[in-house]
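Sequence lines set the chain letters: A, B, ... in the order given, protein chains first and strands last, and positions in each chain run from 1.
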Protein chains: 2
Amino acid sequence: MFRQLADLLRGQIESGELAPGDPLPSELRLGEDHHISRTTVRQAIAQLRSEGLVTVDRPRGTFVRVSEPVEVVVLSSGERAGARMPTDTERRRFNLREGVPVLVVTAPDGTQTAYPADRYQLALP
Amino acid sequence: MFRQLADLLRGQIESGELAPGDPLPSELRLGEDHHISRTTVRQAIAQLRSEGLVTVDRPRGTFVRVSEPVEVVVLSSGERAGARMPTDTERRRFNLREGVPVLVVTAPDGTQTAYPADRYQLALP
DNA sequence: GTGGATTTGTTCGTATGTATT
DNA sequence: GAATACATACGAACAAATCCA
């Protein structure tokens with residue numbers, strides 16, 4: 001059931017029926033509409049949060065994520081780049097929302113730098 | 001409470017006390033040891049899953065994630081790269097576990113290609 | 001090979017706390 | 001102050017899959 005609700009909401013977001021910045025119905029409302037408990041509604045929304053599709057502004061409500069302006073990081077020769085979910089420390093340091101990875105740039109000497117993936121892109125020199 | 005347990009387990013993973021491939025104690029066991037309900041234990045583990053630190057092999061148990069061999073993708077001139085969590089379709093297509101982002105390479109003509117971030121890194125020509 | 005024990009998954013209900021409107 | 005909405009925690013029950021005696 002929670003998967004079905006997550007799929008439904010995800011579809012509405014991807015189709016634009018729910019546009020960035022739009023609020024989702026409240027947990028209570030979703031539960032009533034679909035005849036499921038609030039526990040199950042929360043599980044569906046937790047799924048969407050971990051996918052980075054929605055953010056919660058407690059206790060105002062749950063909203064479709066708005067994309068951030070992007071800055072570009074230019075890679076230097078010999079550097080490699082990857083991505084992973086942030087550590088707990090990084091999440092606090094960068095003030096990252098759920099479901100946002102970090103881009104990790106590794107220099108030839110092994111030094112690593114992390115960039116929040118919702119605000120940065122990588123480019124060639 | 002669930003955050004404290006997540007922090008504890010994360011610390012054990014980062015310190016190596018729990019090595020890659022090692023099983024975590026069962027949910028029931030963790031609940032007994034820390035005098036918390038299974039619900040709360042599950043919430044802590046859900047946190048670690050979304051961080052990509054552990055994977056669950058149901059119903060065998062929960063294990064510290066083992067890193068995969070990495071392939072390198074060479075970027076071409078004019079391409080940009082970012083990262084985000086996979087869509088539901090991508091997760092199934094790449095057989096991705098929870099907490100694993102995708103690297104997204106955008107060509108000058110707008111074409112995008114996604115690579116599972118646990119198996120790929122980006123490099124310069 | 002059958003059956004029981006173990007372990008995670010899903011769902012319900014309930015209660016209380018916290019922050020915003 | 002009241003209403004609203006999300007966060008946290010407990011308890012309970014059953015399902016499904018694996019493992020082992």
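- A distance of 9.5 Å separates CG of B:Leu122 from CD of B:Glu79, quoted to the nearest 0.5 Å.
- To the nearest angstrom, C1' of D:dA9 lies 13 Å from CG of B:Leu5.
- Extent of DNA chain C lying under 4.0 Å from chain B heavy atoms, first and last nucleotide in 5' to 3' order, is C:dT7 to C:dT10.
- You'll find the side chain of B:Leu30 stays beyond 4.5 Å of the side chain of B:Ile36, heavy atoms only.
- Around the CZ atom of A:Arg97, the shell of radius 6.0 Å holds no more than 12 heavy atoms that belong to other residues, nucleotides or ligands.
- With values rounded to the nearest 0.5 angstrom, B:Ile45 atom CD1 is found 4.5 Å from B:Thr62 atom OG1.
- Contacts between residues 24-39 of chain A and DNA chain D, defined by a heavy-atom separation under 4.0 Å, are made by A:Ser26, A:Glu27, A:Arg38.
- The shortest distance between side-chain heavy atoms of B:Glu98 and B:Ser50 does not fall below 4.5 Å.
- Going from atom CZ of B:Phe2 over to atom C1' of D:dC6 covers 13 Å, rounded to whole Å.
- A side-chain donor from one of A:Gln47 and A:Glu51 sits under 3.5 Å from a side-chain acceptor of the other.
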Might you work through the salt bridge (charged side-chain N to carboxylate O under 4.0 Å, His left out) test for B:Arg3 and B:Asp7, ending with a clear yes or no? CA-CA 6 Å; B:Arg3 228 168 272 281; B:Asp7 291 348; over 6 Å; no

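- No side-chain heavy atom of A:Leu5 sits under 4.5 Å from any side-chain heavy atom of A:Thr40.
- Heavy-atom contacts from other residues, nucleotides or ligands closer than 6.0 Å to CZ of B:Arg80 number 12 or fewer.
- Using a 4.5 Å cut-off on side-chain heavy atoms (C-beta onward), A:Leu24 and A:Val64 make contact.
- Against DNA chain D, the stretch residues 45-67 of chain B makes heavy-atom approaches under 4.0 Å through B:Arg58, B:Pro59, B:Arg60.
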